[in-house]
2 protein chains.
Amino acid sequence: MARTAGRPPRSKAEILEFRSKIGKHALEIYRAEGFEAISMRRLAKAVGCAPMTIYAHFDGKTDILRYLWADVLTDMSGDIAEKLKSVAGPSERLQSAAHSFIAYWIDHPDHFRLVFMSNDVTRADVSTFVMGEDTLAHFLMFSDLIREVHPEEHDVKMSTDTLISGLIGIALCMNTMPDYPWADPTSMTNQLLLSIIT
Amino acid sequence: MARTAGRPPRSKAEILEFRSKIGKHALEIYRAEGFEAISMRRLAKAVGCAPMTIYAHFDGKTDILRYLWADVLTDMSGDIAEKLKSVAGPSERLQSAAHSFIAYWIDHPDHFRLVFMSNDVTRADVSTFVMGEDTLAHFLMFSDLIREVHPEEHDVKMSTDTLISGLIGIALCMNTMPDYPWADPTSMTNQLLLSIIT
DNA sequence: ATAATACTTGGAACGCGTTCTATATTAATG
DNA sequence: CATTAATATAGAACGCGTTCCAAGTATTAT
């Protein structure tokens with residue numbers, strides 16, 4: 001301990017506050033004008049700081065974009081929950097959620113790109129959290145639905161991950177290769193569900 | 001007809017030749033130094049023309065990258081075929097192919113990004129072919145394998161598309177969200193296959 | 001006050017994809 | 001030959017993400 005002289009480092013609270021402040025402005029721009037409109041120079045102007053300052057708090061643009069994930073995922077979860085209200089049976093509920101999931105990403109290709117096509121595939125800094133608790137919850141909702149269908153044993157974790165990644169794959173294909181005559185996404189989703197429900 | 005004066009448009013053969021010439025150089029750079037190394041200015045230098053000229057033949061960078069797909073997919077198909085040599089039963093062959101598919105994209109994240117994460121999600125020019133006959137063949141191989149498993153009716157087209165997009169989804173998740181504790185990719189692939197094989 | 005440390009700032013710079021414009025260059029017709 | 005249309009070229013420009021650096025500002029212990 002025994003601080004030497006000089007300005008002390010910012011408290012963790014301050015750091016988080018600044019980060020979320022930048023994230024808030026990024027979200028504003030994204031909602032108003034979409035993905036392309038978010039630029040570091042512009043974001044800095046919106047926040048009211050120098051472009052350089054942002055780099056002191058974030059590793060880069062992708063690191064900022066992660067702040068928008070939660071927002072999009074919340075929107076998606078809301079969509080699913082809304083449609084889920086009027087569905088009763090366990091397997092029907094799982095199916096409804098899956099179809100809503102697909103529909104959401106097909107209806108919002110820009111959101112899909114934001115969440116699933118962030119372009120820093122290269123570096124996998126395990127240190128950063130990437131998927132926080134809250135972000136995760138939006139996906140684990142499928143676990144609950146699967147558990148309702150299979151109250152017995154069954155490897156819920158694996159079924160969930162398979163379903164999620166499978167669904168994301170369908171959405172990716174529809175988004176990135178729209179010219180290929182894919183089978184009906186609804187049919188594909190049902191087919192995918194077969195491996196979980198049966 | 002009755003041509004007016006002036007230089008005639010290039011023949012289709014010439015156009016294709018120029019395009020493939022650019023594609024060839026792009027592939028060279030990609031193989032030698034990877035994705036990031038491909039830039040329009042540098043590519044022009046390699047081809048021996050002005051950067052502007054490329055834009056007369058391609059819509060943009062993404063349009064060029066498509067030329068590299070075939071190469072990557074051929075490589076992948078080779079990988080699958082190689083491992084498939086020593087596998088006998090119909091369903092075993094399908095499983096082998098699926099696992100090889102996943103393994104390939106996990107082992108080559110840069111290739112995955114090149115093929116499945118081209119960033120022009122926005123515009124869907126139906127006019128451009130996007131997936132040529134040859135490119136397509138690498139995916140339709142799964143159709144044959146599925147048909148071997150199910151000689152009867154069964155909607156092969158839909159099963160194939162579901163399997164392909166599901167596999168791509170698993171690969172995408174492993175590549176873009178490496179920090180999330182996904183279930184074992186092998187297990188997920190098997191789970192995915194359940195919906196097709198049964 | 002002074003010195004030491006942490007952080008912010010402004011500006012320049014690099015290479016990028018892309019667009020624009022004005023100026024060749026090429027190859028056909030008349 | 002000249003004319004005319006198709007193409008290629010050079011160069012500048014825009015905004016982008018990102019990096020570097022020198023200078024400034026803020027906050028603390030001494």
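Just the heavy atoms: all of them, side chains too, but no hydrogens, waters or symmetry mates, feed the values below. Here is how names work: the chains are called A, B, and so on, in the same order as the sequence lines, proteins then strands, and each is numbered from 1.
Salt-bridge formation is detected for the pair Arg147(B)/Asp144(B): a Lys NZ or Arg NE/NH1/NH2 atom is positioned less than 4.0 Å from an Asp or Glu carboxylate oxygen. Contact check on Glu14(B) versus Lys21(B) returns no salt bridge, with no Lys/Arg side-chain nitrogen under 4.0 Å from an Asp/Glu carboxylate oxygen.
Distance Phe18(A) CZ to dT9(C) C1': 12 Å, rounded to the nearest Å. Phe58(A) has its CZ atom 15 Å from the C1' atom of dG17(D), to the nearest Å. Straight-line distance from the CG atom of Leu65(A) to the C1' atom of dG17(D): 12 Å, rounded to whole Å. To the nearest angstrom, P of dT19(C) lies 14 Å from NZ of Lys61(B). Atoms CG (Asp59(B)) and P (dG17(C)) sit 16 Å apart, rounded to a whole Å. Rounded to whole angstrom, the span from the CD atom of Glu14(B) across to the P atom of dT7(D) amounts to 9 Å. Rounded to an integer number of Å, the gap from Ile15(A) CD1 to dC7(C) P is 7 Å. Between the CD atom of Glu36(A) and the C1' atom of dG17(D) there is a distance of 14 Å, rounded to whole Å.
Aromatic rings of Phe101(A) and His138(A) (six-membered ring for Trp) have centroids beyond the 6.0 Å cut-off, not under it.
Both Ile106(A) and Leu193(A) are members of a single hydrophobic cluster when ILVMFWY side chains are connected at heavy-atom separations under 4.5 Å. Transitive grouping of hydrophobic side chains (ILVMFWY, heavy atoms separated by less than 4.5 Å) keeps Phe18(B) and Ile15(B) in distinct clusters.
Considering only side-chain N and O atoms, Tyr55(A) lies under 4.0 angstrom from the phosphate OP1 or OP2 of dT18(D). The phosphate of dA8(D) (OP1 or OP2) has a side-chain N or O of His57(B) nearer than 4.0 angstrom.
For DNA chain D, the residues of residues 37-52 of chain A within the heavy-atom distance limit of 4.0 Å (strictly under) are Ile38(A), Ser39(A), Met40(A), Arg41(A), Met52(A), sorted by number.
Within a 6.0 Å sphere centred on CD of Glu92(B), other residues, nucleotides and ligands contribute more than 12 heavy atoms.
Of the listed residues (Tyr104(B), Trp105(B), Phe112(B)), just one forms a ring-ring contact (aromatic ring centres under 6.0 Å, His included) with His108(B), and that residue is Tyr104(B).
Each of Ala56(A) and Gly60(B) was assigned the nucleotide of DNA chain C with the nearest heavy atom; the assignment lying further toward the 5' end belongs to Ala56(A).
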